[in-house]
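Being a predicted model, the structure only gives us computed values, none of them experimental. Along the sequence shown, residues carry numbers from 1.
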Amino acid sequence: MKNSETTKVNISVGKYIHTARMTRRTIAEDPNWSLALVPCLTHFCLKSVVKNFDVLSGNFSFDQLEPDQRAFVEKELSPSWPLHLTAHTVPDGVYWMRCCQLRWSLCDVSLYGESWKRMFFERHLKEVIELFVPGSTDPTTLSELILLCSDYVKKLEISQLLPPIKEPEDEDEDEDEDQDEVEEDGSDLELENEEEKPCFHHLDFSILLDKLENLEELHLKYAVKNCGMNFEWAMFQMTDQDCKNLAKALESCKTLKVFKLRDSHVNDRQCRQLVKALLDHPSLRELDLAYNVIGDSGARAICKLLLSTNSKLETLNLCFNKITCQGAKPIAHALSKNSTLLSINMRLNHLGDEGGQAFGKALLKNKTLLELNLGSTGLTSPTALTLSEALEQNTTLRKINLSCNKLGEGGQAFGKTLLNNKTLLELDLGATGLTTSTASPLSDALEHNTTLRKINLSCNKLGQVGGKALECAMAKNSSIIECDLQMTEVDQKFLSCINRKVIHNQI
C-alpha cells in the first residue's frame, strides 16, 4: 500500500517538473523560479540613490528624472536626512508632504499656497525661533537654517519670544546692610523704586530678516507661553533694545507686505522708532499694532506714515491702545489727505466726540477708504450726526462700525443717510442705545435702500413698535442678507418674518 502511494506521488511530482520545464526558458536550481521580468537597471540605480543620498545628493538632480522615477525617489527617500542635504535638492511634493505629516498632526497645506515645502520650512523656522534663548542658544544654528530656508519662507507667525535665562538673585545679603544703604531722608520704598527693572532682551531680528528674501508677512508677539511660577510682566513686552533691533530689521526687509506686532506693550517711543523705519518702505501694505499702549505721541508718528508720499499702506489697525482725541485728530487729518488707505480700525480707543467728529470731517475729503471701525470709542449723539452727514456725501466707504457707543437718539440720523447713500454695504449700530423712536426712520430707509447688505441693530431697546416697523420695511427690502436683532425686545413673530425675508434675499 505504501509503495503504491509513493509511486503516485512520484508520478505527480514528475508531471509538475515536466510541465514547469516546458514553460521556463531557463532551467534553474530553484523550482520556485518564475518567468517574472528582472527589474531594470534604472530601478537599481534609483534604489542606490535613495540609500546613499548623503553621498550622491551633490551630483544628483531631480530635473533629470522621468515623472515616475521622480515619484519613486520622493516616496522612498527617508525624511530623516539632514536639511542641508535635502533643502535645495528635493523639490516641493510628496517628500515634503511626508516630512510634514510625520512631524505635525494637523497639516492644512492650503494655508501655505498649496506648497508642502513652504509649510515645512515656515513651521520649522517658527519653532526654532520660539525656542531660541538669547545667550544660551547658539546663533550659528539659526543662521545656518536661514540660509537653507530663505527661498521658501513667505510668512512667519511668531507667538512666543523667550528672554535670556535669569541669573538667581543673591540671597545672602544682610537686612542690616540694606538698611544702612538707605539715606536718612529716604525710605525703603524709594530705594526699591530706584532699582533698575530687569531687562529681557529677546532675539535680534536684524540677524535674519535681511536674509529672508521672500518674506511677505511677519506676525510677532513678545510673550512667553507656559511661564508658570516664573511669571514677570517684563516677559510680555519688548524692550527698547528689542525695538531698535526690530526697526533695523524691518528697514532691511524690502519684500515685507504685512507687519503685525500685537499685544507686546509697545509704547509711544517704540512706536515712533518703528514708524521711522517704515516711512520709506517700498512694499508695506498692512500695519497692525493692536492691543498695545500706544498713546497720542505714537499716533502722531503714524500720521507721518499716512502722509508719506512713498507709503503704500492700505490697512491700519490701532485697536485697543491709549489714543485719545489729541491723537485721533492728527490721524483724521492725515486720512483726509491720504489716497492709499482702504481700512482703519480705531476700536477701543478713548477718542470721544472730538475725535469721532474729526473722522467724520475726514470722510468728506477722503476718496479711497472702504472700512472704518470706531466701535467702543466713547462717541455720542453729536458724532452720530456728523458721521451721518458725511456718509450722505461720501461715495467710497463700504463698511462702518459704530457699535458699543452711546449714540442714543442721534442714531436716527442714519435713516436719512441710508436714503441718500448708495455705496454703503455694512452698518453696525449694535449696542448704541437705539430706541423705538430711532427704529422708525431706520425702517423707512431700509424700505427704500437697495444697496445695504448687512445691518447690526442688536442689544438695542427697539421694542414691539420698532420691531413691527422693521418687519414692514424688510418685507419690501431685497438687498439685506444679514440682519442682527438679538436682544432688542422685538417680538418673536416679527423676528421670524424678518429672518424669512433675509433668507429669501440670500437666495
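Considering every non-hydrogen atom in both Ala247 and Gln273, the closest pair reads CB-O, 3.9 Å. Annotation for Glu74 and Pro91: closest pair OE2-CG, 3.9 Å, computed over non-hydrogen atoms. Closest non-hydrogen pair, Phe359 versus Leu387, comes out as C-CD2, 4.5 Å. Considering every non-hydrogen atom in both Asp204 and Ser206, the closest pair reads OD1-OG, 2.5 Å.
Salt bridge absent: Glu157 and Arg123 never bring a charged side-chain N and a carboxylate O closer than 4.0 Å. A salt bridge links Lys126 with Glu130: the distance from a Lys NZ or Arg NE/NH1/NH2 to an Asp or Glu carboxylate oxygen falls below 4.0 Å. Contact check on Arg118 versus Asp92 returns no salt bridge, with no Lys/Arg side-chain nitrogen under 4.0 Å from an Asp/Glu carboxylate oxygen.
Heavy-atom neighbours of His265 NE2 from other residues, nucleotides or ligands within 6.0 Å: at or below the threshold of 12. The neighbour count for Lys221 NZ, taken as heavy atoms of other residues, nucleotides or ligands under 6.0 Å away, does not exceed 12. Enclosure of atom NE2 in His88 by more than 12 non-hydrogen atoms of other residues, nucleotides or ligands within 6.0 angstrom is indicated. Counting non-hydrogen atoms of other residues, nucleotides and ligands closer than 6.0 Å to CZ of Phe320 gives a total of 12 or fewer. Shown here is Gln486, whose CD atom has no more than 12 heavy atoms of other residues, nucleotides or ligands within 6.0 Å. Under a cut-off of 6.0 angstrom, the local environment of NZ in Lys337 is sparse, with at most 12 non-hydrogen atoms contributed by other residues, nucleotides or ligands. Atom NZ of Lys75 has 12 or fewer neighbouring heavy atoms from other residues, nucleotides or ligands inside a 6.0 Å radius. The environment of NZ in Lys211 is crowded: more than 12 heavy-atom neighbours from other residues, nucleotides or ligands sit within 6.0 Å.
Side-chain atoms of Thr137 do not come within 3.5 Å of backbone N or O of Pro134 as any donor-acceptor pair. With hydrogens and angles ignored, the 3.5 Å screen pairs no side-chain donor or acceptor of Asn317 with any backbone N or O of Ala290. For Ser252 (side chain) and Ala249 (main-chain N/O), a donor-acceptor pair under 3.5 Å exists by modelled atom type. Here the side chain of Asn449 pairs a donor or acceptor atom with the backbone of Leu418 at under 3.5 angstrom. Side-chain atoms of Asp296 do not come within 3.5 Å of backbone N or O of Ile323 as any donor-acceptor pair. Checked by atom type and distance alone, the side chain of Thr383 never pairs as donor or acceptor with a backbone atom of Leu379 at under 3.5 Å. A donor-acceptor distance shorter than 3.5 angstrom exists from the side chain of Thr368 to the backbone of Leu341, with no hydrogens or angles considered. Arg269 places no side-chain N or O within donor-acceptor distance of the main-chain N or O of Asp240, the cut-off being under 3.5 Å. In this structure a side-chain-to-backbone donor-acceptor pair under 3.5 Å is present from Asn321 to Leu318. At least one donor-acceptor pair under 3.5 Å links the side chain of Asn214 to the backbone N or O of Asp151.
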Stepwise ring-ring contact (aromatic ring centres under 6.0 Å, His included) test for Tyr95 and Trp116 | CA-CA 9 Å; Tyr95 174 78; Trp116 289 101; over 10 Å; no

Can Asn267 and Ile294 be said to form a side-chain contact (heavy atoms from CB on, under 4.5 Å), step by step?
-> CA-CA 5 Å; Asn267 56 38; Ile294 299 171; over 6 Å; no

Could you go step by step and tell me if Glu314 and Ser343 meet the side chain to side chain donor-acceptor pair (under 3.5 Å) rule?
-> CA-CA 6 Å; Glu314 296 177 353; Ser343 173; over 6 Å; no

Could you walk me through whether Glu122 and His124 pass the side chain to side chain donor-acceptor pair (under 3.5 Å) test, one step at a time?
-> CA-CA 6 Å; Glu122 286 186 3; His124 178 60; over 6 Å; no

Mind running ring-ring contact (aromatic ring centres under 6.0 Å, His included) on His43 and Phe72 for me, showing each step along the way?
-> CA-CA 9 Å; His43 180 77; Phe72 174 82; 5.3 Å; yes

For side-chain contact (heavy atoms from CB on, under 4.5 Å), just list the numbers for Thr488 and Cys459, CA-CA rounded to whole Å, side-chain angles, deciding distance to a tenth of an Å, and then say yes or no.
-> CA-CA 5 Å; Thr488 54; Cys459 303; over 6 Å; no

From CA spacing to verdict: side-chain contact (heavy atoms from CB on, under 4.5 Å), Met235, Asn230 = CA-CA 9 Å; Met235 293 180 175; Asn230 297 318; 4.1 Å; yes

What do the steps show when you test Lys361 against Thr386 for side chain to side chain donor-acceptor pair (under 3.5 Å), and what is the final call?
-> CA-CA 7 Å; Lys361 295 175 183 177; Thr386 302; over 6 Å; no

Step by step, would you call Leu156 with Val153 a side-chain contact (heavy atoms from CB on, under 4.5 Å)?
-> CA-CA 7 Å; Leu156 272 180; Val153 174; 4.0 Å; yes

Could you give me the CA-CA distance, side-chain angles and deciding distance for Arg272 and Ser297, then say whether side chain to side chain donor-acceptor pair (under 3.5 Å) is met?
-> CA-CA 8 Å; Arg272 291 195 300 269; Ser297 177; 2.5 Å; yes

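The closest side-chain heavy-atom distance from Met346 to Ile344 is below 4.5 Å. Residues Leu397 and Leu372 meet the side-chain proximity criterion, which asks for heavy atoms closer than 4.5 Å. Annotation: side chain of Phe120 is not in contact with side chain of Tyr112 (no heavy-atom distance under 4.5 Å). Inter-residue side-chain proximity for Cys319 and Tyr291 is flagged as met; some heavy-atom pair is nearer than 4.5 Å. Side-chain contact between Leu342 and Glu371 is absent, with no heavy-atom pair separated by less than 4.5 Å. Two residues are said to be in side-chain contact when any heavy atoms from C-beta on lie closer than 4.5 Å; Leu363 and Thr396 fail this criterion. Put simply, the side chain of Leu106 does not reach to within 4.5 Å of the side chain of Asp108, judged on heavy atoms. In this structure, Ser311 and Leu306 have side chains that are not in contact, with every pair of non-hydrogen atoms separated by 4.5 Å or more.
How far NZ of Lys367 is from CG of Asn394: 7.0 Å, rounded to the nearest 0.5 Å. Here the CG atom belonging to Leu65 is positioned 6.5 Å from the CG atom belonging to Leu46, to the nearest 0.5 angstrom. For the atom pair Leu289 CG and Asp263 CG, the distance stands at 12.0 Å (nearest 0.5 Å). Between the CG atom of Leu287 and the CG atom of Leu313 there is a distance of 6.0 Å, given to the nearest 0.5 Å.
Under 3.5 Å, the side chains of Asn421 and Glu392 contain no donor-acceptor pair of N or O atoms. In summary, the side chains of Lys225 and Ser159 do present a donor paired with an acceptor at a separation below 3.5 Å, with no hydrogens or angles considered. A side-chain N or O of Asp280 and one of Asn310 form a donor-acceptor pair less than 3.5 Å apart. Side-chain contact annotation: Ser403 with Asn405, donor-acceptor N/O pair under 3.5 Å absent. Side chain to side chain, His201 and Thr239 meet the donor-acceptor criterion of an N or O pair below 3.5 Å. At a cut-off of 3.5 Å, with distance as the only test, a side-chain donor of Glu127 or Trp104 sits close to an acceptor on the other residue.
Using bins of under 30°, 30° to 60° and over 60° for the plane-to-plane angle, the ring pair Phe205/Tyr222 lands in the perpendicular bin.
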